[in-house]
Amino acid sequence: MDITIIGGGIIGLCSAYSLTNAGHQVTIIEGNECGTGASSGSAGWMVPSMSNPFNAPGAIVEAMKSMVHRNGATRFHRLPSWDFLKWAALFQRNSTSLASNAARETLFALNQDTPRLFQEMRKHIAMEVRDDGLLLPFKTQREIDAYLSAFETIRAAGYAGAAKALDPQALQTLEPALAHGLAGGVHLLDEKSVRPETFTTGLVQWLRKAGTTIVEHTAVRGLAQEPGGWSIDTSHGTYRAEHVVLAAGTASTRVLRTLGVSLPMEGGRGCSITTTEGPALRYPIKLLSSRVACTPFTGGTRYAGTFDFTSGNRPASLERMRSALRAGSAYIPGLATLKPEPGSVFSGLRPSTPDSVPYIGPVPGHKGLLVATGHGTLGLTLGPVTGEAVAALVANESVPEYIRKCALDRPQIRFS
């Protein structure tokens with residue numbers, strides 16, 4: 001089949017990889033350069049254990065508390081629109097225990113094949129990978145006990161990885177850069193870290209060699225259905241395809257509006273820096289209370305954080321990166337010495353759904369059009385399984401129940 005993918009981020013590239021492997025002729029249309037979207041500056045974690053939904057009891061209250069805290073992980077940098085208010089109302093409706101648990105089950109079911117699919121991709125794609133797990137430090141024993149209790153819920157939802165509790169001495173031995181006086185931590189032994197820009201670059205190289213057509217610096221303006229397929233109006237002319245996969249992140253909603261289709265989704269802006277300065281970390285670290293992620297890569301350590309609601313793709317301010325580092329310095333004192341310079345901060349919008357479950361499936365009433373977006377902070381983790389799902393859906397093959405729960409017409413994202 002002749003298939004065009006709109007969007008060359010991690011989801012679009014993984015979809016192209018699976019579709020190309022299935023024998024289809026694939027074209028990617030990307031507004032900038034492939035692989036330079038939100039995932040490219042992320043912490044780079046392939047972490048099924050972190051697949052908990054944002055929507056949960058008390059989530060709105062916690063977000064509001066964070067917004068008024070100097071170093072809070074969440075900010076609101078936009079005027080409330082009608083679309084945002086509808087998204088927020090749906091998010092609140094999906095924040096009951098029942099709805100949150102259902103979302104968790106779907107996310108962990110999606111991740112069942114993530115380790116296998118990623119290992120298979122590693123055989124063909126050059127990338128920088130760490131296999132040493134993820135450290136979670138805590139200030140109190142109560143926090144450790146609470147996490148280990150929650151981890152049992154994660155295991156019950158289908159996570160097959162292992163977690164090892166660490167006393168203060170064991171934690172300090174593993175990671176000397178951590179502050180003294182912590183109560184201990186947890187080592188998630190089976191999680192991986194992938195330098196995301198090496199993953200996307202490797203995917204692009206593989207796709208080019210496999211014959212995929214990649215069109216960059218070409219903005220998609222709209223879609224129109226026509227006999228035999230679709231026409232795609234772009235800044236550089238019209239393209240045609242039998243099938244279209246819309247994987248353009250937050251821009252997907254704009255493209256869908258040209259068809260009169262509304263999809264509730266908001267962008268949460270994250271920011272990061274990659275630097276050789278500051279502490280020399282031995283392990284990837286997640287600071288859960290401050291939502292700061294730290295990943296040592298070859299040639300520099302990446303520090304990522306914040307989830308800011310903003311209009312458009314306005315870049316993160318230097319102060320937001322500094323606030324994330326201040327929050328993290330309570331656990332890693334060396335972060336206080338980092339002084340990010342103007343122009344050194346990466347930022348990107350993570351497309352987020354009101355129930356934390358991505359959109360993967362056909363657009364009702366529009367034959368030959370599929371959507372794959374809304375993965376939030378799990379784009380890298382869910383990229384491989386999303387690609388496989390897209391390939392199966394295009395071929396009209398049967399898909400598991402957990403893929404059907406990602407449908408665009410599911411009741412969780414509708415008021416009626």
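Counting from 1, the numbers follow the sequence of the chain as shown.
Residues Gln119 and Arg116 have side chains not in contact (no heavy-atom distance under 4.5 Å, counting atoms from C-beta outward). Residues Ser15 and Ile28 form no side-chain contact, since every pair of their non-hydrogen atoms from C-beta on lies 4.5 Å or further apart. Side chains of Glu216 and Asn32 form no contact here, defined as non-hydrogen atoms less than 4.5 Å apart. Residues Thr295 and Thr301 have side chains not in contact (no heavy-atom distance under 4.5 Å, counting atoms from C-beta outward). Side-chain contact between Ser40 and Phe346 is present, with at least one heavy-atom pair separated by less than 4.5 Å. In this structure, Ile413 and Val357 have side chains that are not in contact, with every pair of non-hydrogen atoms separated by 4.5 Å or more. In this structure, the side chains of Glu30 and Ile5 stay at 4.5 Å or more apart for every pair of heavy atoms. Phe118 has its side chain within reach of Val129: a pair of non-hydrogen atoms, C-beta onward, lies under 4.5 Å apart.
Residue pairs satisfying the ring pair (Phe, Tyr, Trp, His ring centres under 6.0 Å) criterion with at least one member in residues 38-61, sequence neighbours excluded, are listed as follows: Phe54-Phe307. Note on residues 394-404: pairs passing salt bridge (charged side-chain N to carboxylate O under 4.0 Å, His left out), not counting sequence neighbours, are Glu401-Arg404. For residues 361-392, no pair satisfies ring pair (Phe, Tyr, Trp, His ring centres under 6.0 Å), with sequence neighbours left out. The stretch residues 249-300 participates, sequence neighbours left out, in these ring pair (Phe, Tyr, Trp, His ring centres under 6.0 Å) pairs: His187-Tyr283.
Without hydrogens or angle criteria, Thr381 side chain to Leu378 main chain gives no donor-acceptor distance under 3.5 Å. Side-chain N or O atoms of Thr386 include one that pairs as donor or acceptor with a backbone N or O of Leu382 at under 3.5 Å. Ser356 places no side-chain N or O within 3.5 Å of a backbone atom of Ser352 that could act as its donor or acceptor partner. A donor-acceptor pair under 3.5 Å links the side-chain atoms of Asn94 to the main chain of Gln412, judged by distance alone. Remark: side-chain polar atoms of Ser235 are paired, donor with acceptor, to backbone N or O of Ala219 under 3.5 angstrom. The backbone N or O of Ala88 lies less than 3.5 Å from no partner atom in the side chain of Gln92, so there is not a single donor-acceptor pair. A donor-acceptor distance shorter than 3.5 angstrom exists from the side chain of Glu175 to the backbone of Arg282, with no hydrogens or angles considered.
Of the options Arg291, Arg269, Arg350, a salt bridge (Lys or Arg N to Asp or Glu O under 4.0 Å) to Asp308 is made by Arg269 and by none of the others.
Under 4.0 Å is where a charged nitrogen must lie from a carboxylate oxygen, and between Arg122 and Asp131 at least one such pair does. Salt-bridge check for Lys339 with Glu277: failed, with every basic side-chain N at 4.0 Å or more from each acidic carboxylate O.
For the residue pair Tyr331 and Ser289, a side-chain donor N or O sits within less than 3.5 Å of a side-chain acceptor on the partner. Of the N and O atoms on the side chains of Glu128 and Thr198, not one donor lies less than 3.5 Å from an acceptor on the other residue. If you check the side chains of Ser95 and Asn55, you find no donor sitting under 3.5 Å from an acceptor. Side-chain contact check for Arg320 and Ser323: at least one donor-acceptor pair (N or O, by modelled atom type) lies under 3.5 Å. For the residue pair Glu388 / Ser18, a side-chain donor-acceptor distance below 3.5 Å is found, with atom types taken as modelled.
Aromatic ring orientation, Tyr17 versus His124: tilted (interplanar angle from 30° to 60°).
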(message) Using the rule given for side chain to side chain contact (heavy atoms under 4.5 Å, CB included), can you reason through Lys367 versus Gln225, listing the C-alpha separation, both sets of side-chain angles and the distance that settles it, and then say yes or no?
(response) CA-CA 8 Å; Lys367 184 179 179 181; Gln225 199 163 11; 3.9 Å; yes
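In this structure, Arg221 has no salt bridge (Lys or Arg N to Asp or Glu O under 4.0 Å) partners at least two apart in sequence or on a different chain. Asn101 meets the side chain to side chain donor-acceptor pair (under 3.5 Å) test with Arg104; sequence neighbours excluded. The side chain to side chain donor-acceptor pair (under 3.5 Å) check on Arg410 picks up Asp355, with sequence neighbours excluded. With sequence neighbours excluded, the residues forming a side chain to side chain donor-acceptor pair (under 3.5 Å) with Asp132 are Arg130, listed by chain and number. Not a single side chain to side chain donor-acceptor pair (under 3.5 Å) links Glu33 to another residue, sequence neighbours left out. Listed by chain and residue number, Arg195, Arg302 satisfy the salt bridge (Lys or Arg N to Asp or Glu O under 4.0 Å) test with Glu197 (two or more places apart in sequence, or in another chain).
Heavy atoms only, all atoms of each residue included: Ala324 and Val292 are closest at O-CG2, 3.3 Å. Contact between Ile11 and Gly379 at its shortest, heavy atoms only, is CD1-O, 3.7 Å. The nearest pair of heavy atoms linking Val390 to Ala372 is CG2-CB, 4.0 Å.
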Would you give me the side-chain donor-acceptor pairs under 3.5 Å for residues 243-264, sequence neighbours excluded?
| residue | atom | partner | partner atom | Å |
| --- | --- | --- | --- | --- |
| Ser252 | OG | Ala248 | N | 3.0 |
| Ser252 | OG | Gly249 | N | 3.4 |
| Ser252 | OG | Gly249 | O | 2.9 |
| Thr253 | OG1 | Thr250 | O | 3.0 |
| Arg254 | NH1 | Val220 | O | 3.0 |
| Arg254 | NH2 | Val220 | O | 3.4 |
| Arg257 | NH2 | Asp83 | OD2 | 3.0 |
| Thr258 | OG1 | Leu223 | N | 3.4 |
| Thr258 | OG1 | Val255 | O | 2.5 |

Report all side-chain donor-acceptor pairs from residues 146-157 shorter than 3.5 Å, counting only partners two or more places apart or in another chain.
| residue | atom | partner | partner atom | Å |
| --- | --- | --- | --- | --- |
| Arg155 | NE | Tyr159 | O | 3.1 |

